[in-house]
Amino acid sequence: MTEKEIISLKRRALEHYFRKLNSPQREAVFAVHGPVLVLAGAGSGKTTAIINRIAGMIYFGSAYEKADGNLFPDDQQYLTDYINGSAPEDMGRLRDILAVYPIRPWNILAITFTNKAAGEMKARLTAMLGESEAADVHAATFHSTCVHILRRSISNLGYSNDFTIYDSDDSKRLMKSCISDMNISDKKFPPSAVLNEISSAKDKLISPKELMADSQNDYRKLTIAKLYAEYQSRLKRSNALDFDDLIYLTVRLFEQFPEELEYCQNRYRYILVDEYQDTSVSQFRLIQLLSGRYMNLCVVGDDDQSIYRFRGATIENILSFEHTFPNSRVIRLEQNYRSTQTILDAANGVISHNAGRKEKKLWTDAGAGDKITWYKAADEISEAEYVAKTIVDLVSHGASYRDFAILYRMNAQSNSLERMFIRNNIPYRIYGGIRFYERKEIKDILAYLSVINNPSDSLRFHRIVNEPKRGIGESTVTLIDNISNDLRMSPLDVMRQAESFPVLAKRMAKLKEFSSIMDMLTEKADELPFDQFLDLLLEKTGYKEMLEAQGDEGLTRLENIEELKSSMIEYENESEDPSLSGFLEEVALFTDVDKYEPEQDVVLMMTMHAAKGLEFEQVFLVGFEENVFPGNRAIHSINPSDIEEERRLAYVAITRAKHRLFITSADRRMLFGSTMCNSRSRFLAEINCELIDKQGVSYEPQKQNIGTGSAVLSSLEQQLRQQTAKSQTSTPKIFSPGDKVTHNIFGEGVVLSVSKMANDSLIEVAFDKVGTKKLMANFAKIRKL
DNA sequence: TGTGCACCTGTTTTT
DNA sequence: CAGGTGCACA
């Protein structure tokens, strides 16, 4: 057999092994070396391609690219039989025969943006490769990858490796104190605005000095640069890093310490980046540095799905990949496995109005499917009514609640929908929104743990020193702060030695009391298991007592803390080497406790942004009106690319739907306390009208007489109104707090509160299974037990 | 030092 | 409309 024949046979065997993939997907799997750009349209089996690629690298190495010696006749025979299906798939033997320099799993780095994506990748790798090989692949987010690197080497930059990670709330507090201490007006320089600018500077790898140099004649910029410098020095003093620092400092580390970079380059020889269209300048630089030695870089993304420019993503990274990495291969995945052709045509129609994109056209062989329904409602109430009615109707015809998702542009839009869903007893869940670790009580407890773990963390010290109230007020804390800054000792040390500082004499007893509690806790932190330690902390700090005095709300908060405790226990059980700092790190980077549980049979509501990466049988896109979507900010922006970003968002939203797509607009909408009239969204006009089935009010908007409410209603709407009226006259039900009740969807629960409304009452019920819900007593399918 | 009320201001968000 | 913030007062 010639070498040519060997490689051709082996290639056919490999192609047979990956026969479930389509041909561009296989191309992505086999292109192991060199720079590769995979342009993966929505629903094109991107993750499948990535997983198979990693598996292929580990199983077969460069078998597709290089021949390696001769083939024994019986191996040759086996391959031939395997290809034509007459021999069984013997993985061990296939690997033996085919593999050429198989890649070791720990040499592979797969970077994602969210923990969810990283978790999914891990899970799918485990399913394909098995536990042991999958565990060695480093699949993680940008941020946790950087933490990993920095924990090892950050001492080069003058931080210690037990650094604390600040979240955006911590950053904001720190910035507030910088602003007030530097006597700068927080009216002219709102902390969040300053932080945004600093964050975007860090994203662009601009240091405080560089920003300063760049803004000599601009007072505003100069002030921000000064604040940046101050903020950064305070972070360092607290041995803390904010989210942007994780990337920024890793890049600096690599640039200043080539040996550190080299170590990582050798460790991560094969790099894969998911959602590449969302990378920022600093993330790009990080990738460029890491892949600089071996150039085995595969990036996967879709420029049409870039919707995070507002937080630093530069679409140019993906648009200029081929230019930045010469000799790169570009692979397009355009076959869509998710949606009907109608939905894809709509998406293609919208996105084709954007300039400056890589031309792609999604297609499917799934068939045309149903038309898209456009419903024009009178106002946001009847819009919500339409959505609710349609879902009830489809569910009664065999659909499940979990088939539906409602996507909106702004969180504020969920209100009317929620109310209507509660009325109609449609179980729903808002995905995204308030996050568990952002709750005050959780942040307080975590602050206690942080201070115990890292006493120099003065920001978190501030948070807890007088929480619960223990008579250590603002002025005392300022004194402690000054001393601690002047003498370079931790605030807690200052308290411990309060007697040495005459200014603190008056408050000495209270200060000593607090510091001794913290000392005791610090001592016990290593001895006790997490749950017992947390109980002790709650007890000794008086936090528990404080919550218990707060009644119902305090009880909910205590329950949340219990939840935190269970996640600590979970961490303790699952981690090989559990430690307080390890737990805090996990919490800092893994913000999602409100997990998405697809098993639950509920309708999901979320913003269009939050829907990225998800898919649903039937999707409602609500609020398709000018000034809502696209939003007024984008419409009035001087920069036309803002509209393009909205359009990409529309593209993302449309392509979430597998089978059916409903789009709604309202003639009148109450938003932020005032009513406005908007014409239908321009994105609607960008969809070929033959794909759309129009429903709802058939008159043109009567902008001049808002509020007459006498608009001609469609028959559907009249039906709805009648139904609502009917159910309103059913016998009123009376509940009082403490009543045990049962609901035919939510199960059993206890009434928390009752408030009278017009001719009904709003009751709040704590259900055993689904948590607290607000229900209308007369509408809800609920009865006393 | 702690509390209550008036005022104000509103995209999208992961880490 | 609703939640967060800041300021005045106890």
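Just so it is clear: chains get the letters A, B, ... in the order the sequence lines come, proteins before strands, and each one is counted from 1. Computed from a prediction, not measured in an experiment: that's the story for all the values here.
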Point to revise | 5' to 3' contact window, DNA chain C with chain A (heavy-atom distance under 4.0 Å) | key: dC1(C) to dG6(C)
Value in whole Å for how far the [atom2] atom of [N] lies from [atom1] of [X]:
X	N	atom1	atom2	answer
Arg633(A)	dG10(B)	CZ	P	8 Å
Asn196(A)	dT14(B)	CG	P	15 Å
Met605(A)	dT12(B)	CE	P	16 Å

**Study point:** Electrostatic pair Asp642(A):Arg633(A) at N-O distance under 4.0 angstrom
**Key:** no
Check your understanding: Hey, are Asp274(A) and Lys46(A) close enough for a salt bridge, meaning a charged N less than 4.0 Å from a carboxylate O?
Key -> yes
Review point. Hey, is the side chain of Thr607(A) poking within less than 4.0 Å of OP1 or OP2 on dT11(B), counting only N and O atoms?
Key: no
Review point. Would one find a side-chain N or O of Asn115(A) under 4.0 angstrom from OP1 or OP2 of dT15(B)?
Key: yes
Review point. What nucleic acid atoms does Glu646(A) come within less than 4.0 Å of, heavy atoms only: base, sugar-phosphate, or nothing?
Key: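 The answer is base, as Glu646(A) lies within the cut-off (heavy atoms under 4.0 Å) of a base atom.
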Review point. To the side chain of Phe672(A), which of dT11(B), dT15(B), dT14(B) is closest?
Key: dT11(B)
Point to revise | Nearest-nucleotide pick for Tyr308(A), side chain only, options being dT15(B), dT11(B), dT13(B) | key: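 Looking only at heavy atoms from C-beta outward on Tyr308(A), the closest nucleotide is dT13(B).
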Review point. With a 3.5 Å cut-off and no angle check, do the side chains of Asp444(A) and Tyr543(A) form a donor-acceptor pair?
Key: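 Distance-only check passes for Asp444(A) and Tyr543(A).
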Point to revise | Test of ring centre spacing under 6.0 Å for His609(A) and Phe310(A) | key: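 Ring-ring flag for His609(A)/Phe310(A): true, centres closer than 6.0 Å.
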Practice item. Please name all residues satisfying salt bridge (charged side-chain N to carboxylate O under 4.0 Å, His left out) with Arg311(A), sequence neighbours left out, ordered by chain then number. Key: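 For Arg311(A), no residue satisfies salt bridge (charged side-chain N to carboxylate O under 4.0 Å, His left out) once neighbours in sequence are set aside.
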Check your understanding: Relative to the 5' end of DNA chain B, which residue comes earlier, Arg409(A) or His143(A), by the nucleotide with the nearest heavy atom?
Key ->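 With Arg409(A) and His143(A) compared, the 5'-side residue is Arg409(A).
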Output a table of nitrogen or oxygen pairs between the protein and nucleotides 1-8 of chain B separated by less than 3.5 Å.
from, atom 1, to, atom 2, distance (Å)
dT1(B), OP1, Gly473(A), N, 3.2
dT1(B), OP1, Ser475(A), OG, 3.3
dT1(B), OP1, Thr476(A), OG1, 3.2
dT1(B), OP2, Ser475(A), N, 3.3
dT1(B), OP2, Ser475(A), OG, 2.5
dG2(B), OP2, Asn466(A), ND2, 3.4

